[in-house]
2 protein chains.
Amino acid sequence: MPPTTTQPRKTPKQERSAATRARILAAGAEVFGEHGYAAGTTNRIAERAGLSIGSLYQYFPNKDAILVQLMRDHVEAGVGEIARRLGDVAGLPEGLEERVALFVDAAMANHAGNPRLHRVLFEESPVPADLRAELDRAEAWAVDVVAAMPAEEPSVRVGEPRLAAYVVVSTIESLTHRYLAGGDRYGSPEAFARHVVAMVTAYLRGA
Amino acid sequence: MPPTTTQPRKTPKQERSAATRARILAAGAEVFGEHGYAAGTTNRIAERAGLSIGSLYQYFPNKDAILVQLMRDHVEAGVGEIARRLGDVAGLPEGLEERVALFVDAAMANHAGNPRLHRVLFEESPVPADLRAELDRAEAWAVDVVAAMPAEEPSVRVGEPRLAAYVVVSTIESLTHRYLAGGDRYGSPEAFARHVVAMVTAYLRGA
DNA sequence: GTCTATAATTAGATAGAC
DNA sequence: GTCTATCTAATTATAGAC
């Protein structure tokens with residue numbers, strides 16, 4: 001008799017495999033964050049993950065594959081975080097300022113996790129062309145989302161809405177990254193976020 | 001008889017040496033820009049500079065020294081450009097918007113030279129701790145300069161002026177870098193600059 | 001599936017002749 | 001001062017036993 005429950009479910013073997021993969025990625029995040037890209041060697045990652053170098057290569061074809069997956073995960077988390085907050089219609093704020101704050105808070109949360117790693121990933125590592133394209137698509141998605149907002153928000157009066165949306169997305173992404181990578185030398189995270197929100201809001205309302 | 005003109009002047013030998021150094025740096029800029037950091041090997045740089053690898057090491061102690069010098073030159077050019085424009089008192093604009101535009105234009109000019117190289121330098125290369133400190137000092141200088149502006153500009157009403165100055169500096173530096181590194185997908189350089197100026201100005205004037 | 005040992009590659013840097 | 005030839009060192013990645 002065939003099993004009654006054959007719905008797609010991971011076999012124990014696949015689960016173990018996925019867990020090992022996750023362990024390698026976690027180790028990679030630690031090692032890259034601590035040692036940087038060049039000194040973040042596969043041997044160190046394997047050691048940190050508690051397995052041998054030979055086993056590591058059973059799960060990832062090369063060093064950069066680990067790095068790329070970490071980058072991908074980070075971007076996906078960011079996109080997912082924004083999408084989740086936007087989808088949460090019940091709590092979607094009405095005012096422009098509150099909506100901007102939603103994006104800023106999501107970006108701060110996304111980058112706050114491991115600033116040191118984030119810096120290594122995006123300031124010190126070579127980005128393959130295909131991942132670069134993926135990052136551009138994520139940016140384009142965010143631009144679309146932001147560009148759709150003004151239509152339903154009468155207080156927005158800035159011209160060239162698509163360029164404006166790009167400026168907004170770039171500003172939030174770049175500034176939060178830079179602030180968190182550089183340390184809070186000029187103010188608390190809360191104060192900084194407040195200023196970014198104020199700047200973007202003032203911009204969107206028109207001068 | 002001793003030479004009548006012994007005023008500090010470079011001997012021909014020093015001039016030749018400086019010229020070779022400059023040739024290596026120019027070659028380094030090209031090679032790093034074309035191949036990236038890792039593939040920008042010293043052998044390639046020497047070849048491009050038209051001398052042997054052995055000679056290259058007469059002028060620079062190691063690969064990173066070439067890279068660091070390129071970074072330093074870029075930052076110095078940026079600082080110099082702003083200082084020059086600020087020092088040009090006759091032409092220093094009166095209005096807030098025009099002053100902000102001065103900074104934005106300087107940043108655009110500084111990054112526009114070789115965006116590809118700039119990207120390799122600051123997104124793909126390891127930054128030594130001492131250079132990092134130097135970059136931070138340059139940023140602090142720019143923050144001081146910007147922070148000094150509101151005092152004499154009644155239309156500035158943003159709170160926490162030092163944090164605001166940091167936000168302004170970060171915004172201009174980050175956005176121009178990002179725009180020029182990413183290509184003008186969302187608008188012309190002029191339109192982009194106009195938007196950045198509008199955003200920063202609106203911010204400084206208060207919401 | 002995991003390990004150890006090692007091969008293969010390659011770049012950075014140096015020695016020493018000219 | 002410049003060159004050629006080479007060395008050293010380190011890393012990625014693989015082979016093959018268990």
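Chain naming here is simple, since letters A, B, ... match the order of the sequence lines and numbering starts at 1 in each. These numbers come from the heavy atoms of this one structure, side chains and all, not from hydrogens, waters or symmetry mates.
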Can you name the atoms? Protein N/O to nucleotides 11-18 of chain D N/O, anything below 3.5 Å, with the distance.
unit_1: D:dT12; atom_1: OP1; unit_2: A:Lys63; atom_2: NZ; d: 3.1
unit_1: D:dT12; atom_1: OP2; unit_2: A:Thr42; atom_2: N; d: 3.4
unit_1: D:dT12; atom_1: OP2; unit_2: A:Thr42; atom_2: OG1; d: 3.1
unit_1: D:dA13; atom_1: OP2; unit_2: A:Tyr57; atom_2: OH; d: 3.0
unit_1: D:dA13; atom_1: OP2; unit_2: A:Lys63; atom_2: N; d: 3.0

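- Cation-pi geometry between A:Lys63 and A:Phe32 is not satisfied (NZ or CZ under 6.0 Å from the ring centre, within 45° of the ring normal).
- The CG-P distance, from B:Leu56 to D:dA5, rounds to 18 Å in whole Å.
- For A:Glu47 and A:Arg44, the salt-bridge test fails: no basic side-chain N is under 4.0 Å from an acidic carboxylate O.
- Between B:Arg72 and B:Glu76 no salt bridge is recorded (no basic side-chain N to carboxylate O distance below 4.0 Å).
- Following rounding to the nearest Å, A:Tyr59 (OH) and C:dT2 (C1') show an atom-to-atom distance of 9 Å.
- Among residues two or more places apart in sequence or in another chain, the salt bridge (Lys or Arg N to Asp or Glu O under 4.0 Å) test is passed with B:Arg137 by none.
- Spacing between atom CD of B:Glu47 and atom P of D:dT2 amounts to 17 Å, rounded to whole angstrom units.
- Proximity of B:Ser52 to the phosphate of D:dT2: no side-chain N or O atom is located under 4.0 Å from OP1 or OP2.
- Side-chain atoms of A:Pro128 and A:Asp64, non-hydrogen and from C-beta on, never get closer than 4.5 Å to each other.
- A search for salt bridge (Lys or Arg N to Asp or Glu O under 4.0 Å) contacts involving A:Asp144 returns A:Arg162, not counting sequence neighbours.
- Separating the CD1 atom of B:Ile66 from the P atom of C:dA11 is a distance of 15 Å, rounded to the nearest angstrom.
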